[in-house]
Amino acid sequence: TKVSPFFIALGCERKQYNMHIVYVSDGKAGHRSQAVGLYKAMQRLSNSEVTFQEISIQKLSIFTLLKSMLSHQLALFEQKPDYIFGVGSHTQLRVLLLGKVFPQAKTVILMKPNFPFSWFDYAIIPEHDGVAESSHVITTQGALNPIVNEQRHQANRILIALGGSSKRHQWNENKVLEAIQKIVQHNPNADIILTTSRRTPKEFLQHLSAQAYASQLRIFPVEDTPQGWIFEQMQQAEAVWVTEDSVSMIFEALTGGCLVGVIAIDRLKSDRITTLLDQLLSTSSDKSHHNLLNLKLNEATRVADILLKT
């Protein structure tokens, strides 16, 4: 609808349009976190209203998408998208086909895709995947996340976040107990909060509670923490210690503006992720802070700025 020249003269012209992002979801929380991180960064930077619609891959059959390429519309969509995001291998083909259904939309895949990079408008790929930047590739330090440094960190407040065994790591209780003891000893006046994850062995907290230094910890088992609790703790902590299996949490804590320590556990294999950890520890450690990583990251905002300028 046209806006009256009278209202334009008064400076009352409404925003020209809102920017609509469609996220093709495979239902995985870690993947959604990356997409939401980029969406929220674009929302912060854009002069337009930015809206976000999440659509499950189950609702986007390949047959439906092929049929919709002729009509250039899809009933599921609240409005025509400006950007189509996908994270995860099962979303890639659907993102490509949606780009044909809505040719004006920019396709953004947040991973190293199986298809040629040039088939997407942008591939957002972590540096550790070893892909060079190009007109279609933006590389990032770690995966994107929705964390923002809110500048609320409290001196002498420490968070210890424990993971567990994974495909490349084996939990080592003795190493973890020894690391926690050293953290307590090096920080006698600190408020130290410890939490677990679903991968932490069930018996660990019982064994930890038997240690003499356990009285200096405030312990919050993961099952007792509400959604978003750990991100709030990152906003308040000056330093965060994370077991090395939890790579995404290491980058979330760095993005939150925390000093970050890495608790070593046993490695089952060496690969690009363990190499990345070793590189981080060798190049970004702050010797004055017990070798804590001191690397302020704001990757989602940086990527959002690139997307909005092109």
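All of these numbers come straight from a predicted model, not from anything done at the bench.
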Taking atom types as modelled, is there a side-chain donor on Thr255 or Asn145 under 3.5 Å from an acceptor on the other?
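On atom types as modelled, these side chains qualify, holding a pair under 3.5 Å.
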Using only heavy-atom distances, determine whether the side chains of Arg152 and Gln235 contain a donor-acceptor pair under 3.5 Å.
no
Within-4.5 Å side-chain heavy-atom neighbours: [X] and [Y]:
X: Phe115; Y: Ile109; answer: no
X: Leu38; Y: Ile21; answer: no
X: Asp129; Y: Arg272; answer: yes
X: Ser246; Y: Arg199; answer: yes
X: Met42; Y: Met19; answer: yes
X: Asn18; Y: Gln79; answer: yes
X: Ile230; Y: Thr225; answer: no
X: Leu217; Y: Leu208; answer: yes

Counting only heavy atoms from other residues, nucleotides and ligands, does the tally under 6.0 Å from CD of Glu223 exceed 12?
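Counting other residues, nucleotides and ligands, CD of Glu223 exceeds 12 neighbours.
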Residues forming a ring pair (Phe, Tyr, Trp, His ring centres under 6.0 Å) with Phe231, sequence neighbours excluded
none
Please name the residue in the list Val87, Ile55, Val36 that meets the side-chain contact (heavy atoms from CB on, under 4.5 Å) test with Tyr23.
Val87
Val108, Ile84, Val95 screened by side-chain contact (heavy atoms from CB on, under 4.5 Å) with Phe120, the one that passes
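Passing option: Val95.
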Looking at [Y], is its backbone amide N or carbonyl O close enough to the side chain of [X] to form a donor-acceptor pair, meaning the two atoms are under 3.5 Å apart?
X: Thr243; Y: Asp245; result: no
X: Ser282; Y: Gln279; result: yes
X: Ser209; Y: Leu205; result: yes
X: Asn172; Y: Lys175; result: yes
X: Glu238; Y: Asn156; result: yes
X: Thr140; Y: Gly142; result: yes
X: Glu127; Y: Thr139; result: no

Nearest-0.5 Å distance, [atom1] of residue [X] to [atom2] of residue [Y]:
X: His169; Y: Thr274; atom1: NE2; atom2: OG1; value: 7.0 Å
X: Asn189; Y: Gln216; atom1: CG; atom2: CD; value: 9.5 Å
X: Phe85; Y: Leu98; atom1: CZ; atom2: CG; value: 13.5 Å
X: Leu293; Y: Cys258; atom1: CG; atom2: SG; value: 11.5 Å
X: Ile183; Y: Leu194; atom1: CD1; atom2: CG; value: 8.5 Å
X: His128; Y: Leu280; atom1: NE2; atom2: CG; value: 10.5 Å

In terms of hydrophobic clustering (I, L, V, M, F, W, Y; side-chain heavy atoms under 4.5 Å; direct or indirect links), are [X] and [Y] co-clustered?
X: Leu307; Y: Phe102; value: no
X: Ile192; Y: Trp241; value: yes
X: Val148; Y: Leu144; value: no
X: Met234; Y: Val262; value: yes
X: Ile124; Y: Val22; value: no

Members sharing Ile125's hydrophobic cluster, built from side-chain contacts under 4.5 Å between Ile, Leu, Val, Met, Phe, Trp and Tyr, are Phe117, Val131, Val137
Go through it in stages, so that I can follow the logic: the residues are Leu292 and Asn294, the test is side chain to side chain contact (heavy atoms under 4.5 Å, CB included), and I'd like the CA-CA distance, side-chain angles, deciding distance and then a yes or no.
CA-CA 6 Å; Leu292 290 167; Asn294 188 6; over 6 Å; no
If you compare all heavy atoms of [X] against all heavy atoms of [Y], which two are closest, and at what distance to 0.1 Å?
X: Ser197; Y: Gly163; result: OG-CA, 3.4 Å
X: Thr195; Y: Pro221; result: OG1-C, 4.3 Å
X: His153; Y: Ala237; result: ND1-O, 2.6 Å
X: Lys269; Y: Asp271; result: CE-OD2, 3.7 Å
X: Ala123; Y: Met111; result: CB-O, 4.1 Å
X: Val222; Y: Thr196; result: N-OG1, 2.9 Å

What verdict does the side chain to side chain contact (heavy atoms under 4.5 Å, CB included) test give for Lys167 and Leu268, after you've listed the backbone C-alpha separation in whole Å, the side-chain angles of each residue and the deciding distance to 0.1 Å?
CA-CA 8 Å; Lys167 63 183 179 182; Leu268 298 174; over 6 Å; no
Tell me, which pairs form a ring-ring contact (aromatic ring centres under 6.0 Å, His included) where one or both residues lie in residues 203-227, sequence neighbours left out?
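Matches after skipping sequence neighbours: Trp171-Phe204, Phe220-Trp229.
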Test Asp278 against Arg267 for salt bridge (charged side-chain N to carboxylate O under 4.0 Å, His left out), laying out the working first.
CA-CA 12 Å; Asp278 291 338; Arg267 293 181 181 180; 2.9 Å; yes
Got a sec, which pairs hit side chain to side chain donor-acceptor pair (under 3.5 Å) with one end in residues 297-307, sequence neighbours left out?
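Output for this query lists Arg44-Thr301, Asn298-Thr301, Glu299-Arg302, Asp305-Lys309.
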Which pairs pass side chain to side chain donor-acceptor pair (under 3.5 Å) with one or both residues in residues 86-112, sequence neighbours excluded?
Thr107-Asp121
Name every donor-acceptor pair, under 3.5 Å, that has one atom in a side chain of residues 24-33 and the other anywhere in the protein, sequence neighbours excluded.
residue: Ser25; atom: OG; partner: Gly27; partner atom: N; Å: 3.0
residue: Ser25; atom: OG; partner: Glu54; partner atom: OE2; Å: 3.1
residue: Asp26; atom: OD1; partner: Lys28; partner atom: N; Å: 3.1
residue: Asp26; atom: OD1; partner: His31; partner atom: ND1; Å: 3.3
residue: Asp26; atom: OD2; partner: His31; partner atom: ND1; Å: 2.7
residue: Arg32; atom: NE; partner: Glu54; partner atom: OE1; Å: 2.7
residue: Arg32; atom: NH2; partner: Glu54; partner atom: OE1; Å: 3.3

May I have the step-by-step check of side chain to side chain contact (heavy atoms under 4.5 Å, CB included) for Val50 and Asp82, ending in yes or no?
CA-CA 10 Å; Val50 182; Asp82 298 281; over 6 Å; no
Can Gln154 and Asp191 be said to form a side chain to side chain donor-acceptor pair (under 3.5 Å), step by step?
CA-CA 10 Å; Gln154 300 171 20; Asp191 180 15; over 6 Å; no
Decide yes or no on side chain to side chain contact (heavy atoms under 4.5 Å, CB included) for Thr51 and Glu78, but give the supporting numbers first.
CA-CA 10 Å; Thr51 53; Glu78 293 163 0; 5.8 Å; no
